[in-house]
Amino acid sequence: LSRGPQGQTMTDEAPEPTPGYVPPRKVSLQMQMEQDKDDDSLTKWKNQLLAGASAASSSTDTRNVIIKALRVCVEGRPDVVMELDTPGKGRTVCPSLPQSLMDALSVQVAKVAGTRFILKEGALYTKKMDFVVQGDIVAGLKYMEILKSTRPLIPKQKYEYMLGSFPPREGIQSFTFPEEETPTGMMARGTWEVKSKFVDDDNATHLEFSYLIDIKKDWS
């Protein structure tokens, strides 16, 4: 939720496709490493890009992207921390799964991640995420928010943030979002439901969760 050009009145909850991107044929990391072996510079680049990929793979957890936590940070105040990786929940939602199962998985995530906090109008804040990529490169990872006011007649808003493409790597990776400003005024104040989703350019949904924000004149 922010003041700025990213927000748009929502007409479609689907993520915006990346212009010109065509999902490639899936190729294993081993095959990717074997290709173009005669090109020394390309082989060196692949080795640098995919360093630690084997160590990052898990035989028991098949998720490509594991979102560990999302933090909302305001200078001078304690971070709001949403722990998103709970064992047995928040599994990757695959487009080929039945909708009923996708809905059930989303509900599980929402129960784990649901929280509510206050943002003072006009306050500057950033979001930070911790995540793990394993098994394969994730192309065009995005974070999407659908914001709905609990007050009637206020249109929904959709925000999308392109995080980038990430190789598998041992350990936790982090991403810090650009600084945002909480909107001000009577129309902004009140309670907002935020439905969040991590998706990628291959149309895989890695995590869905929701939380509530109360925008007020002060922090109490």
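Side-chain atoms are counted along with the backbone in the values below, which use heavy atoms only and exclude waters and symmetry mates.
Remark: D79 engages R71, C73, V81 in a side chain to side chain contact (heavy atoms under 4.5 Å, CB included) (not counting sequence neighbours). For T191, the side chain to side chain contact (heavy atoms under 4.5 Å, CB included) test picks out R116, T150, L212, D214, with sequence neighbours left out.
Remark: the N64 side chain and the H206 side chain contain no N/O donor-acceptor pair separated by less than 3.5 Å.
Side-chain contact between D85 and R63 is present, with heavy atoms from C-beta onward closer than 4.5 Å. A 4.5 Å side-chain heavy-atom check between K156 and I146 finds at least one atom pair inside the cut-off. Contact annotation: the side chain of L124 never approaches that of E180 to less than 4.5 Å [non-hydrogen atoms, C-beta and beyond]. Inter-residue side-chain proximity for R77 and E75 is flagged as unmet; no heavy-atom pair is nearer than 4.5 Å.
With values rounded to the nearest 0.5 angstrom, T182 atom OG1 is found 12.0 Å from I118 atom CD1. The line from NZ of K197 to CD of E208 is 4.5 Å long, rounded to the nearest 0.5 Å. A distance of 7.0 Å separates OG in S196 from CE in M82, rounded to the nearest 0.5 Å.
The backbone N or O of K120 lies less than 3.5 Å from no partner atom in the side chain of D218, so there is not a single donor-acceptor pair.
The aromatic ring centres of Y211 and F117 sit less than 6.0 Å apart.
Under the 6.0 Å distance and 45° angle rule, K127 counts as a cation-pi partner of F177.
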Passes ring pair (Phe, Tyr, Trp, His ring centres under 6.0 Å), Y159 versus Y143? Steps please.
-> CA-CA 8 Å; Y159 296 82; Y143 175 64; over 10 Å; no
Taking it one step at a time, do R189 and E121 satisfy salt bridge (Lys or Arg N to Asp or Glu O under 4.0 Å)?
-> CA-CA 7 Å; R189 290 192 293 271; E121 61 178 355; 3.1 Å; yes
